Colleague: 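This is the structure, below, for whatever I ask next.
In listed order, ligands and their atoms are each counted from 1. Owing to the predicted nature of the structure, the values given are computational and were not obtained by experimental measurement.
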Amino acid sequence: MTNKEASNESLRAVRIAGTGSYVPEKILSNQDLEKIVDTSDEWITSRTGIKARRIAAEGEFTSHLATHAARRAMQQANLQSEDIDLIIVATITPDTLTPATACYVQQALGAHRAVAFDISAACSGFLYALEFARVAIAGGTFNNALIIGAEKLSAFVNWTDRNTCVLFGDGAGAAVLTPASDEKKTGLILSTHLGTDGTKTEILNIPGGGSACPITLENAEQHLAALSMQGREVFKAAVNAMRRASETAIEKAGLSADDINLVIPHQANLRIIDAITDRLKIGKERVFINLDKYGNTSAAAVAIALDEATRNGAVQPGDRILLVAFGAGLTWASAVIEW
Ligand code: UT7
């Protein structure tokens with residue numbers, strides 16, 4: 001059953017009523033990284049497509065990035081803090097292990113009516129948040145949800161490991177979800193799809209800092225609270241899962257790949273994106289890319305890209321957008337939105 005059909009069966013259709021994003025001011029270029037680790041602009045550009053990434057200032061936390069993005073999304077949706085009744089922050093780099101980063105965002109916004117919690121689904125987190133907020137609004141439990149993908153990955157990167165430190169960046173993207181109506185249906189969520197494969201947790205993780213491996217004086221030198229990745233394994237899994245997730249969301253929306261005006265994929269690696277869109281036979285002119293500027297911002301990536309694409313004219317009214325993501329877990333997620 002598509003979401004549109006569901007809306008005819010007493011569930012409410014849900015739309016994206018506003019988007020916002022925020023990236024920190026500081027730019028770290030490939031040339032800057034050449035001075036830190038044994039790498040080159042040529043290697044990073046040809047293997048990933050990344051040219052630069054943003055790095056949060058000292059004292060600037062994930063919740064701060066999230067709050068900036070949230071304010072912009074609320075402004076576009078024309079909603080005040082007291083209108084928000086649900087806040088979900090998708091992040092793998094929370095301010096603290098507890099409470100949830102969403103609670104700090106609630107405090108900063110003064111959104112005192114909102115239920116607030118985090119989702120940990122890595123790079124798929126924003127689309128996981130989209131789906132759970134959609135379901136909550138469709139069923140009538142909540143009305144105005146703020147979903148945010150926000151990361152300060154620079155705090156969880158081993159800056160001596162060239163395999164990973166060149167890939168990631170900081171930033172946040174947000175969206176406000178509300179019930180759709182005949183008059184207000186821009187941003188209608190046509191279909192969604194989520195998946196998880198917990199058998200490959202070891203190929204992409206942050207091994208330390210949790211209850212399995214607390215950081216101690218003895219292991220402090222080993223960078224255990226930093227992202228660890230088997231790049232080639234993740235690459236292969238990402239291509240397969242994102243292609244399948246794309247096909248599923250397109251099919252659930254009752255569409256074909258030809259009907260998709262713009263693909264907004266997770267921004268990890270240009271070669272991954274090319275492999276997926278080639279297989280879907282979607283030309284490069286229908287793919288939104290900003291990883292050259294920001295690198296991989298995990299849960300924030302699709303959210304930032306959605307905000308930029310919809311604000312800069314890459315999306316026209318009536319366009320069908322495919323959002324698709326993949327990350328640690330392994331997790332994957334996709335959605336088709338009608339703008
Ligand atoms: O957001 C979650 C999803 N994450 C992803 O989707 C990331 C998926 N993986 C990837 O994007 C790619 O696997 C990487 C960009 C991480 C790596 O690209 P690759 O083409 O798979 O390279 P590789 O790991 O096979 O390494 C090739 C060579 C190695 O040298 P040798 O062993 O062939 O001599 C690496 O040591 O490149 C070397 N290398 C580097 N050289 C210069 C690895 N990192 C660097 C670097 N600069 N930064």
Colleague: Check the angle between the aromatic planes of F61 and H64 and answer parallel, tilted or perpendicular using the 30° and 60° thresholds.
Modeller: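 Ring orientation, 0 to 90° scale: parallel.
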
Colleague: Quick one: look up the protein heavy atom nearest atom 24 (O) of ligand 1 and list residue, atom name and how far away it is.
Modeller: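 Of every protein heavy atom, R232 NE, 4.3 Å lies nearest to atom 24 (O) of ligand 1.
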
Colleague: If you measure from each non-hydrogen atom of W43 to ligand 1, which part falls under 4.0 Å: side chain, backbone, both or neither?
Modeller: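 The answer is the side chain.
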
Colleague: Can you tell me the protein heavy atom closest to atom 1 (O) of ligand 1 and the distance?
Modeller: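 I find the closest protein heavy atom is N296 ND2, 2.6 Å.
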
Colleague: Please classify the T164 to ligand 1 contact at 4.0 Å (heavy-atom distances, strictly less than): side chain, backbone, both or neither.
Modeller: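 No part of T164 is near ligand 1 at this cut-off.
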
Colleague: Considering only protein heavy atoms, determine whether one is less than 4.0 Å from atom 31 (P) of ligand 1.
Modeller: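 No, because not a single protein heavy atom sits under 4.0 Å from atom 31 (P) of ligand 1.
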
Colleague: Give yes if a backbone or side-chain nitrogen or oxygen of I272 is under 3.5 Å from a nitrogen or oxygen of ligand 1, and no if not.
Modeller: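 Such a contact does not occur with ligand 1.
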
Colleague: Determine, for K236 against E233, whether the closest basic-nitrogen to carboxylate-oxygen distance falls under 4.0 angstrom.
Modeller: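 Salt bridge present between K236 and E233.
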
Colleague: Please compare L270, N163, I44 and report which has the shortest non-hydrogen distance to atom 43 (C) of ligand 1.
Modeller: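 Answer by nearest heavy atom: N163.
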
Colleague: Heavy-atom contact check, 4.0 Å cutoff: does S298 meet ligand 1?
Modeller: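 False for this residue.
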
Colleague: List the closest protein heavy-atom neighbour of atom 14 (C) of ligand 1: residue, atom name, distance to the nearest 0.1 Å.
Modeller: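 Result: N269 ND2, 4.4 Å.
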
Colleague: Should the pair K51-D292 be classified as a salt bridge under the 4.0 Å nitrogen-to-oxygen rule?
Modeller: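 D292 and K51: not salt-bridged.
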
Colleague: Checking a contact table here: which protein heavy atom is nearest atom 5 (C) of ligand 1, and how many Å away?
Modeller: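 Looking only at protein heavy atoms, the one closest to atom 5 (C) of ligand 1 is V234 CG1, 3.6 Å.
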
Colleague: Check each of D41, T45, I44 against I50 using the side chain to side chain contact (heavy atoms under 4.5 Å, CB included) test, and report the only one that passes.
Modeller: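 By the side chain to side chain contact (heavy atoms under 4.5 Å, CB included) criterion, I50 pairs with just one of D41, T45, I44: I44.
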
Colleague: May I ask you to identify, for T39, whether its side chain, its backbone, both or neither come under 4.0 Å of ligand 1 on a heavy-atom basis?
Modeller: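 For T39, the contact with ligand 1 is made by both the backbone and the side chain.
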
Colleague: Just verifying a value: how many Å separate S21 OG and I304 CD1, rounded to the nearest 0.5 Å?
Modeller: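 Reported to 0.5 Å precision, the distance equals 6.0 Å.
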
Colleague: A side-chain contact here means heavy atoms from C-beta on lying under 4.5 Å apart; do V37 and W159 qualify?
Modeller: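 The answer is no; the side chains never approach within 4.5 Å.
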
Colleague: Please determine whether a side-chain nitrogen of the Lys or Arg among D170 and R53 lies less than 4.0 Å from a carboxylate oxygen of the Asp or Glu.
Modeller: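 Judged by the 4.0 Å cut-off on N to carboxylate O distance, D170 and R53 do not form a salt bridge.
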
Colleague: To the nearest 0.1 Å, how far is atom 18 (O) of ligand 1 from its closest protein heavy atom, and which atom is that?
Modeller: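 Atom 18 (O) of ligand 1 sits closest to the protein heavy atom R271 NH2, 3.4 Å.
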
Colleague: What protein heavy atom is closest to atom 9 (N) of ligand 1, reported as residue, atom name and distance in Å?
Modeller: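 Residue, atom and distance for the closest contact: G231 O, 3.1 Å.
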
Colleague: Is T48 close to ligand 1, meaning an N/O of one under 3.5 Å from an N/O of the other?
Modeller: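 No, no N or O pair falls under 3.5 Å.
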
Colleague: I'd like to check which ligand 1 atoms, numbered from 1 as shown, lie under 4.0 Å from a non-hydrogen atom of C123.
Modeller: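 Answer, ordered by atom number: 1 (O), 2 (C).
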
Colleague: Tell me: protein heavy atom nearest atom 29 (C) of ligand 1, and distance?
Modeller: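 Going by distance alone, atom 29 (C) of ligand 1 is nearest to R162 NH2, 4.8 Å.
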
Colleague: Could you check atom 22 (O) of ligand 1 against the protein and tell me its nearest heavy-atom contact, residue, atom and distance included?
Modeller: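 Of every protein heavy atom, R47 NH1, 3.4 Å lies nearest to atom 22 (O) of ligand 1.
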
